[in-house]
Amino acid sequence: MIIVLKPDATADQIQHIEKSVHEWGLRTHFSRGTERSVIGIIGDESVLANKPLDVFPGVDSVMSIQKPYRLASREFQSKATKIAIPWGRPGGEPVEIGGERIVVVAGSCSVETPDIMLETARYIISAGARMMRAGAFKPRTSPYAFQGLGVEGLKILAQVRAETGLPFITEVMDTRDVEMVAEIADVVQIGARNTQNFSLLKAVGRTRTPVLLKRGIAGTLEELLMSAEYILSQGNDRVILCERGIRTFERATRNTLDLNAVPVLRKLSHLPISVDPSHGTGAADLVTPMAMAGVACGADLLLVETHPNPEKATSDGAQTINEAQFRKMMDGVRGIASVLGRSL
Ligand code: PEP
Ligand code: MN
C-alpha cells in the first residue's frame, strides 16, 4: 500500500500519518519525488482494512501496490536509488552508483596474488574503472576446481584498496561469512547460484553494506526483484541488480545475456542496474560488444573480468580480457555513454 501525498502536505501532517501507521504495528518509508511524494507501508496490511487513511489531512490518495515486490518497485519509490561508495584513500571522490556517470568495476574472476591484483588495479584505474572486482570465495561447478583464497583473498583486496584507493566488490557464499565479508568489502556480491538462497539474502539484508545481486541462472526478472525484496525488507536499502546471462537452449555462448532485462528492470524498479558481459557471454571476444550494448540500453554499472594474463587466470580465463582489450573496451563504452549524455 502507498499513500500519495498532496503536493502541499505539511511536515506535521506527514508526521501524523506516519505516527498513526506505526501505532497500527506497521512500518513506513517516506519517499520525496519531484512529481509526488509517497509514504510506503511495510508489513501486514490487513490491519488497514478499517482505517480511513484517505481522510487524513495531507493525503491525496491511497493505492495498493499490484506487484508482489513492494520496496523494490517504482510505485513505491519513483526516484532512482543512488548508492555512494567511499573512495578507499583519504580525499578521493566517492563512487556514485545509479547516477549520471557509469561505473566500471573490473578485475580477475578470483583474487590472484598481491602483485597481480596490484598490477590489475593500476591499469584499470588508468583506463577509467572506479571499482575492483574479484572473488575470494568462489562458487565452482566442480568441487575439485580452485575454490578461492578465502580470508587471505579479502586481505589482498583490502591491501590493494589501501594502496590505490579502489573500492571493491566481492562475493559472499555462506551466511556464516556475511558479517566478516560485509565488514571489509565495499559491496558484497550475491552470485547467480545464490540468488534464491533466502537465508543468505536475509543475512546481507541485516548488514548496511551495499549488495550487488545477480540474476539467477534460470531466474525470471520477477524472481530477481523478489530476491531484492528479501534484502530490502531487512532494512538494507542499497541493492544493485545485475543481469549476468541466463541459461537458454543456445549453446554457442556460455549464457544468453538478456539485455531486455535492463529497460524492463528500469521500468519496474528504482534500483541501480548492472550488466556483466563476462559471465553473460563466457567469451573474451564478446565482452566489448556486449559491454557497449549494456551501456546502450541503460546500465549504470558494468562488471568485467580482466587479468594481465588471462591464460594464467585461476578461473574464468576464457571470458577474461587483458589490459589492451580492456582499454579498447573502455574506449567503446565511453563512446556509447557520450551518445547518451552520460560519462564514465
Ligand atoms: C563471478 O562474478 O565471478 C561469478 C561467479 O558470477 P556468477 O555468480 O554470475 O556466475
Ligand atoms: Mn568469474
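Source: prediction; values computed, not measured. For ligands, and for the atoms within them, numbers begin at 1 and follow the listed sequence.
Among all heavy-atom pairs drawn from P272 and V239, the shortest one is CD-O, 3.4 Å.
Counting just the N/O/S atoms of E305, the one with the shortest distance to the Mn ion (ligand 2) is named OE2. Taking the N/O/S atoms of D316 in turn, the shortest distance to the Mn ion (ligand 2) belongs to OD2.
Polar contact check, H279 against ligand 1: a nitrogen or oxygen pair lies under 3.5 Å apart. In terms of polar-atom proximity, R133 is counted as a contact of ligand 1, with an N or O under 3.5 Å from an N or O of the ligand. For the pair D276 and ligand 1, the shortest N or O to N or O distance does not fall below 3.5 Å. Below 3.5 Å of separation, one finds no N or O of L303 facing any N or O of ligand 1.
Taking a cut-off of under 4.0 Å to the non-hydrogen atoms of R244, the atoms of ligand 1 that pass are 7 (P), 9 (O), 10 (O). Within the listing of ligand 1, atoms 3 (O) sit less than 4.0 angstrom from a heavy atom of C109. Of all the atoms in ligand 1, the ones that sit under 4.0 Å from a non-hydrogen atom of K138 are 1 (C), 3 (O), 5 (C). Atoms of ligand 1 lying under 4.0 Å from any heavy atom of G191, numbered from 1 in the order shown and given with element: 8 (O).
With atom 6 (O) of ligand 1 as the reference point, the heavy atom nearest to it among E305, R254, K214 is part of K214.
Closest to atom 8 (O) of ligand 1 among all protein heavy atoms lies A192 N, 2.7 Å.
Side-chain contact between T320 and V287: absent, with no pair of heavy atoms (C-beta onward) separated by less than 4.5 Å.
Counting heavy atoms closer than 4.0 Å to ligand 1, residue P139 contributes side-chain atoms (C-beta onward) but none from N, CA, C or O.
Sorted by first and then second residue, the pairs that involve residues 189-200 and meet side chain to side chain donor-acceptor pair (under 3.5 Å), not counting sequence neighbours, are N194-N197.
Residues K19 and D12 are not paired through a salt bridge, judged by the lack of any N-O separation under 4.0 Å between the basic side chain and the carboxylate. Residues R161 and D186 are paired through a salt bridge, judged by an N-O separation under 4.0 Å between the basic side chain and the carboxylate. Note on E229 versus K67: no salt bridge recorded, every NZ/NE/NH1/NH2 to OD/OE distance being 4.0 Å or above.
With sequence neighbours left out, the side chain to side chain donor-acceptor pair (under 3.5 Å) criterion links T314 to E112.
Although no hydrogens or angles enter the test, the distance criterion places a donor-acceptor pair under 3.5 Å between the side chain of R89 and the main chain of A162.
Put simply, F146 and L154 are part of the same group of oily side chains (I, L, V, M, F, W, Y) that touch within less than 4.5 Å, one to the next.
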